[in-house]
Enquirer: 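Structure provided below as structure tokens; questions to follow.
Both counts, for ligands and for their atoms, begin at 1 and track the order of listing. The basis for the numbers below is simple: all heavy atoms, side chains too, and nothing from hydrogens, waters or symmetry mates.
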Amino acid sequence: MANIVTTPENKTMTDLASKNNLAQCLSRVKQQIDVASATINANVQLLAVSKKHPAQKIQQVSELGQRSFGENYVQEGVEKVQQLRHLDLDWHFIGPIQSNKSRLVAEHFSWVHTIDSLKLARRLNEQRPSSLAPLKVLIQVNISQQASKSGVELEEITELATAISGFKNLVLRGLMCIPAPLDDCALRQEFLTMRQQFDQLQKIFPQVDTLSMGMSGDLDLAIKSGSTMVRVGSAIFGQRPE
Ligand SMILES: *Cc1c(COP(=O)(O)O)cnc(C)c1O
């Protein structure tokens with residue numbers, strides 16, 4: 001921040017300005033969600049993606065009524081979960097998980113959106129403390145079939161879902177995707193394919209209720225295509241610091 005904070009009065013002013021700004025951005029995003037979901041009469045959840053933003057900003061957004069936050073990096077996420085422990089927030093892990101970090105995720109988060117292998121699911125199930133509620137998980141689908149990207153193929157969803165449903169410390173809640181950059185027409189096709197897969201999965205596993213798709217730049221299209229949870233970072237928090 002360019003302003004140099006020198007006095008307590010100044011600090012209060014800066015906090016207030018920042019909170020006003022967050023309030024405006026949050027309400028704009030909520031309005032965008034309302035408008036898009038009204039056309040299809042759906043209930044869409046907002047996940048505020050707080051990666052690279054400090055705990056203080058998350059606290060400010062939580063004071064505006066937002067309860068669910070998403071983090072991408074294990075170490076950074078766990079630090080914020082601990083710093084904001086007093087706030088009773090719902091923490092979602094939405095980044096890739098290396099094997100040696102899975103325990104931290106199992107111990108500190110209530111949701112994981114990025115289950116992309118049986119091995120990861122098994123580890124999280126073993127590492128989830130039994131004193132906590134089962135970890136809510138989403139299977140990440142490699143919808144754009146990018147060789148470099150994580151996620152399972154469409155044909156692999158049911159098998160992984162079946163395995164997860166046998167794990168007592170996990171509960172399968174749905175699917176998640178991060179499409180490649182595409183034009184709107186192609187993107188819409190991929191979102192609709194995800195929705196079809198979601199509907200099919202729900203028939204086999206009735207507790208499935210979450211389709212995590214859509215970010216700041218494409219949340220309208222995602223909602224109109226059947227998303228039930230959008231993951232919004234920059235439209236709420238502004239640009240991420242490097
Ligand atoms: C960063 C991130 C988001 C949020 O992206 P914005 O464009 O800032 O809204 C959503 N989902 C995932 C998986 C992310 O890594």
Enquirer: List the residues meeting ring pair (Phe, Tyr, Trp, His ring centres under 6.0 Å) with Phe109, not counting sequence neighbours, and say none if there are none.
Expert: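 Residues passing ring pair (Phe, Tyr, Trp, His ring centres under 6.0 Å) with Phe109: Phe93.
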Enquirer: Which pair of non-hydrogen atoms, one from Arg123 and one from Ser102, has the smallest distance, and what is that distance?
Expert: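 Where Arg123 meets Ser102 most closely, the heavy atoms are NE-OG, 3.1 Å.
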Enquirer: Where does ligand 1 get N/O contacts under 3.5 Å from the protein, atom by atom?
Expert:
residue	atom	partner	partner atom	Å
ligand 1	8 (O)	Ser234	N	2.8
ligand 1	8 (O)	Ser234	OG	2.9
ligand 1	8 (O)	Arg240	NH1	2.8
ligand 1	8 (O)	Arg240	NH2	3.3
ligand 1	9 (O)	Ser216	N	3.0
ligand 1	9 (O)	Ser216	OG	2.5
ligand 1	9 (O)	Gly233	N	2.8
ligand 1	11 (N)	Arg231	NE	2.8
ligand 1	15 (O)	Lys51	NZ	2.7
ligand 1	15 (O)	Asn72	ND2	2.7

Enquirer: About how many Å separate CG of Asp218 and CG of Asp184, when rounded to the nearest 0.5 Å?
Expert: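 It comes to 8.5 Å.
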Enquirer: Only counting residues at least two apart or in another chain, list the ones meeting ring pair (Phe, Tyr, Trp, His ring centres under 6.0 Å) with His92.
Expert: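 Ring pair (Phe, Tyr, Trp, His ring centres under 6.0 Å) check on His92 returns Trp111, His113.
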Enquirer: Side-chain contact, heavy-atom cut-off 4.5 Å: Leu135 with Asn125?
Expert: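 A side-chain contact under 4.5 Å is absent here.
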Enquirer: Once side chain to side chain donor-acceptor pair (under 3.5 Å) is applied, what residue pairs with a partner in residues 192-209 remain, sequence neighbours excluded?
Expert: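 Only Arg173-Asp209, Arg195-Asp199 qualify under side chain to side chain donor-acceptor pair (under 3.5 Å).
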